[in-house]
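What follows is a set of notes on a single structure, which appears directly below.
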Amino acid sequence: MAPPPSRNPYLRLFTVPGTRAFTVGNLIARLPMGMFSVSAVVMIAGSRGSYALAGAVTATGLAATALVAPLIARLIDRHGQARIAVPATAVAALGSLALLLCVRYGTPDWTLFAAYAATATTPNTGGMSRARWAHLFKGDPAAVHTANSFEQAADELCFMLGPVLAAFLCGTFFPEAGTLVGAVLLMSGVLIFSAQRSTQPPAGGRTKARSPLRSPGMPPLLLGFLAIGAVFGAMEVVTIAYADVRGHKSAAGVVLALQAAGSCAAGLLYGALKPAGPAERRYPWCLTAMAALLILPLLAARLTDSLLALAGALLLAGMATAPTMVTAMTLVQQRTPDSRLNEGMTLAVTGLLGGIACGSAAGGWVVEQVSATAGYGVPVAAAVLALLICLASLAVRAGRTVRARRIVRVRRIVRVGPTARARRTVRVIPTARATRTVRARRTVRAGRTVRVSPTARATRTVRVRRTARVRRTAGPAGG
């Protein structure tokens, strides 16, 4: 469904009926994604007095999400968004409420792990929204590019506002307020989103399409998401530690929000521009820009020792995040079968979550063993790793392409060879026939000559004999 022409590419998206409604619902449902972990940590640490327990509970929920989310996405692709997303969200919301009650009434610690693990059924609302855009604007790469940029900007906005809202609710009202409001927003947003059936992509049913994990080019791309997630996880932990060392721990949230703001602005600008060249060519350049800009926070922390300078460096460094993520998500859409699109994008998000966990652990280790300033080297290393994975994948694919071209050429030669021989044979056959015909004609002539020769000789003999007789007769008469 091609949108009517408009100068503003974002206005073109929302001229399609139903897009505004599902976008509003998706934003409401997506905002709690940045609230739940902060709310859980504040709530558990405040009541049990243990940040270690709070961290272990949230880590368990993250691990459960990595296992369950792809299964939920596969069911969404098979049976449709509304049929699966609503009950899955209801289970997740009940898990959040169960965690709230367990903390409130002091149940054993293991119940906290069980309750928070139930929230792993939360559907990937960002992936479902991207799947709708891809369905609505199929065949219009420019519109899909703008939609992906908008979705990435929305991700950054929710990441920026979610923790701030959670901290405000937990600090102003009661420790469980953030979790309670987050559960209500999640359920309400998914209901509004799922009610827009006209924009929903059709259910794929059982499909024989290969798993996204087996699609060409997907495994290295998912490894790249893992490395990019490590950038985010390490940056968060290291920035909090850096601000805490300088006595400004409360300002860490604002500093990280500036990084998200830079990414959000860059994402909107990137979506307004027409992409130059295919996404596969743009992706390594985006990763290069990310690795280069991430050096700025490291330099600011090492050379200035100023939180204000660090905030400016993070603002600039964040500007490479959205273009990289938009391009990577575009590649996921291109390399994933349409009938398993939600599953493919959820695997990408799962890779990000796993990378965030690894990056957080690596960043925390460097902070404790070396220093908070040195910790900013971890995001740089993770970005360089993502770039190396991308370049290695391109080199392997280029080698396969060269081999495939050689095989095609050999097959063409093999096919052309017999054809050429056949043509030569066709050319030779008439020549041989002509030669045989000439020979045959000569033979016929020779045969005729052989047959005619005795007759001619006999005739000559008769003539000679008659001449001799006449001469004999004429001789005596004349004497």
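Here, residue 1 is the first one in the sequence, and each next residue gets the next number.
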So, the side chain of [X] versus the backbone of [Y]: is there a donor-acceptor pair under 3.5 Å, distance only?
X	Y	result
Thr121	Ala118	yes
Thr119	Tyr116	yes
Ser360	Ala234	no
Ser188	Leu185	no
Thr15	Arg12	yes
Ser39	Ala166	no
Thr146	Gly271	yes
Thr107	Cys102	yes
Arg20	Pro17	no
Ser263	Gln259	no

Check your understanding: Looking at the rings of Phe150 and Phe14, which for Trp means the six-membered one, are their centres under 6.0 Å apart?
Key -> yes

Exercise for review: Apply the side chain to side chain contact (heavy atoms under 4.5 Å, CB included) test between Arg130 and each candidate in Val332, Thr330, Asn148, Asn26; give the one that qualifies.
Suggested key: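 Only one of Val332, Thr330, Asn148, Asn26 forms a side chain to side chain contact (heavy atoms under 4.5 Å, CB included) with Arg130, namely Asn148.
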
For [X] and [Y], which heavy atoms make the closest approach, and how far apart are they?
X	Y	result
His135	Pro202	CE1-CD, 3.5 Å
Ala291	Ile295	O-CG1, 3.5 Å
Ala45	Ala54	N-CB, 4.2 Å
Ile76	Pro123	CD1-CB, 4.1 Å
Ser393	Pro220	OG-CG, 3.5 Å
Ala348	Met329	CB-CE, 4.1 Å

Under 4.5 Å between any side-chain heavy atoms of [X] and [Y], yes or no?
X	Y	value
Phe137	Val16	yes
Cys390	Leu394	yes
Thr324	Leu287	yes
Leu99	Met43	yes
Thr23	Trp133	yes
Val367	Val238	yes
Val144	Gln333	yes
Arg246	Asp305	yes

Practice item. Look at atom CG of Leu308 and say whether more than 12 heavy atoms of other residues, nucleotides or ligands are closer to it than 6.0 Å. Key: no

**Study point:** Presence of salt bridge, Glu343 and Arg78, under 4.0 angstrom
**Key:**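 Judged by the 4.0 Å cut-off on N to carboxylate O distance, Arg78 and Glu343 do not form a salt bridge.
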
Exercise for review: Check step by step if side-chain hydrogen bond (donor to acceptor under 3.5 Å, both in side chains) holds for Tyr10 and Ser149.
Suggested key: CA-CA 10 Å; Tyr10 292 101; Ser149 300; 4.8 Å; no

Practice item. Carefully, step by step, assess Tyr242 and Leu310 under the rule side-chain contact (heavy atoms from CB on, under 4.5 Å). Key: CA-CA 10 Å; Tyr242 185 86; Leu310 177 65; 3.4 Å; yes

Between the side chains of [X] and [Y], does any donor sit under 3.5 Å from an acceptor?
X	Y	answer
Thr199	Arg132	yes
Gln200	Gln196	no
Tyr270	Thr327	yes

**Study point:** Test side-chain contact (heavy atoms from CB on, under 4.5 Å) applied to Tyr376 and Arg302, step by step
**Key:** CA-CA 9 Å; Tyr376 281 106; Arg302 183 175 296 275; over 6 Å; no

Nearest-0.5 Å distance that lies between atom [atom1] in [X] and atom [atom2] in [Y]:
X	Y	atom1	atom2	answer
Ile389	Leu221	CD1	CG	10.0 Å
Leu387	Thr288	CG	OG1	4.5 Å
Leu226	Leu222	CG	CG	9.0 Å
Leu294	Leu314	CG	CG	9.0 Å
Leu258	Cys264	CG	SG	12.5 Å
Met290	Met319	CE	CE	13.5 Å

Practice item. Carefully, step by step, assess Thr336 and Met345 under the rule side-chain contact (heavy atoms from CB on, under 4.5 Å). Key: CA-CA 9 Å; Thr336 303; Met345 288 189 288; over 6 Å; no

Practice item. Determine, step by step, whether Arg30 and Leu186 satisfy the side-chain contact (heavy atoms from CB on, under 4.5 Å) criterion, reporting the C-alpha distance in whole Å, the side-chain angles of both residues, the deciding distance to 0.1 Å, and the verdict. Key: CA-CA 7 Å; Arg30 204 183 303 187; Leu186 176 63; over 6 Å; no

Point to revise | Any pair counted as salt bridge (Lys or Arg N to Asp or Glu O under 4.0 Å), so long as it reaches residues 96-117, sequence neighbours left out | key: Arg48-Asp109, Arg104-Glu176

